[in-house]
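Sequence lines set the chain letters: A, B, ... in the order given, protein chains first and strands last, and positions in each chain run from 1.
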2 protein chains.
Amino acid sequence: MKNRIAELRKERKISQSVLADAVFVTRQTITSIEVGKYTASLELAYRIANYFNLSIEEVFDFSDLEVLKNER
Amino acid sequence: MKNRIAELRKERKISQSVLADAVFVTRQTITSIEVGKYTASLELAYRIANYFNLSIEEVFDFSDLEVLKNER
DNA sequence: TAAAAATGCAAAGTTAACTATACATTTTTC
DNA sequence: GAAAAATGTATAGTTAACTTTGCATTTTTA
């Protein structure tokens with residue numbers, strides 16, 4: 001799943017380490033999620049969105065799941 | 001983490017099985033999430049919220065995480 | 001331009017989300 | 001009131017999120 005984390009970090013000049021500490025995970029976790037190696041948990045997604053004062057839907061891109069929705 | 005899934009299901013008279021099928025998980029997964037045995041993944045949270053035409057934040061209760069937010 | 005900070009990336013280990021199966025109890029429907 | 005549907009709960013197994021460690025490269029700062 002795609003997300004805007006790297007983009008939001010750069011806009012606000014926040015390093016991976018600072019974000020990682022703020023949301024209580026390791027830098028490696030932030031990196032992995034940024035590059036799409038895996039998807040954030042719901043709690044982490046919320047913490048990240050909240051850190052940027054955005055909703056989860058504004059940070060994470062669910063458009064690749066819409067297909068399944070339309071298949072219902 | 002708390003959520004409004006059982007409540008939303010009952011309002012709309014949708015069984016666990018029907019919801020499970022609609023969001024591509026087993027009934028056991030829905031049950032476990034409803035009773036708080038574990039937290040939904042981000043993708044599943046999105047699918048469930050979307051099924052009810054709500055945002056993730058409207059279905060899942062993150063208030064137990066606010067503490068951490070305020071500690072920043 | 002050297003030092004410090006930030007990023008990239010990789011691998012092994014742990015934990016939590018989810019599946020599959022199964023059976024007992026409760027609720028709904030006919 | 002019997003059958004069918006829905007729910008509760010439990011357990012063993014798989015997969016994916018996340019940690020930990022470590023080191024190499026790039027970018028920033030003094």
To the nearest Å, how far apart are Asn3(A) CG and dA17(D) P?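 From Asn3(A) CG to dA17(D) P: 13 Å.
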Closest approach of Met1(B) and Phe60(B), non-hydrogen atoms and distance?
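The pair with the smallest heavy-atom distance is SD-CB, 4.0 Å.
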OP1 or OP2 of dA17(D) sitting under 4.0 Å from any side-chain N/O of Thr39(A)?
yes
In this structure, how many angstroms lie between the P atom of dA6(D) and the CG atom of Asp21(B), rounded?
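Atom CG in Asp21(B) sits about 11 Å away from atom P in dA6(D).
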- Message: Need one value for Ser32(A): base, sugar-phosphate or nothing, where a base atom within 4.0 Å counts as base even if backbone is also close, heavy atoms only.
- Response: nothing
Checklist line | Closest contact, heavy atoms only, Ala45(A) versus Ala40(A) | finding: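 Looking at all heavy atoms of both residues, the shortest contact is N-CB, 4.1 Å.
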Checking all strands, does Ser41(A) fall into the base, sugar-phosphate, or nothing category for heavy-atom contacts under 4.0 angstrom?
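Touches sugar-phosphate only.
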Practice problem: Grab the CD1-P distance between Ile5(B) and dA17(C) for me, whole Å please. | Solution: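 So the CD1-P distance, Ile5(B) to dA17(C), works out to 13 Å.
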Sorted by chain and residue number, the side chain to side chain donor-acceptor pair (under 3.5 Å) partners of Ser17(B) (sequence neighbours excluded) come out as none
* Below 4.0 angstrom, N of the basic side chain to O of the carboxylate: do Glu58(B) and Arg4(B) qualify? -> no
Closest heavy-atom pair, Ile5(B) versus Phe52(B), reported as atoms and distance to 0.1 Å, is O-CZ, 4.4 Å
Report, one line per pair, each donor and acceptor closer than 3.5 Å where one atom sits in a side chain of residues 20-28 of chain B; sequence neighbours left out.
residue: Thr26(B); atom: OG1; partner: Thr29(B); partner atom: N; Å: 3.3
residue: Thr26(B); atom: OG1; partner: Thr29(B); partner atom: OG1; Å: 3.1
residue: Arg27(B); atom: NH1; partner: Gln16(B); partner atom: OE1; Å: 3.3
residue: Gln28(B); atom: NE2; partner: Ser32(B); partner atom: OG; Å: 3.1

Any donor-acceptor pair under 3.5 Å joining the side chain of Gln28(A) to the base of dC9(C)? yes
Atom CD1 of Ile30(B) and atom C1' of dA17(C) are separated, to the nearest Å, by 12 Å
Nearest whole angstrom, please: distance from the P of dG8(D) to the NZ of Lys37(B).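 Between P of dG8(D) and NZ of Lys37(B): 13 Å.
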Of dA20(C), dG22(D), dT19(D), the nucleotide closest to the side chain of Thr26(B) is dA20(C)
message = Quick check for you: among dC18(C), dT7(C), dC23(C), whose closest atom lies nearest to any side-chain atom of Arg27(B)?
response =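 Shortest atom-to-atom distance from the side chain points to dC23(C).
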Legend entry - Phe62(A) vs Asn50(B) side-chain heavy atoms within contact, under 4.5 Å: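 No, every pair of side-chain atoms sits at 4.5 Å or beyond.
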From CG of Leu42(B) across to P of dA16(C) the rounded distance in Å is 18 Å
- Where along residues 8-19 of chain A does a heavy atom fall under 4.0 Å from DNA chain C?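 Arg9(A), Ser15(A), Gln16(A) - these, ordered by number, are the residues of the stretch whose heavy atoms sit under 4.0 Å from the strand.
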When rounded to whole Å, the CG to P distance for the pair Leu44(A) and dA16(C) reads 14 Å
Between CD1 of Ile33(A) and P of dG8(C) the distance, given in whole Å, is 14 Å
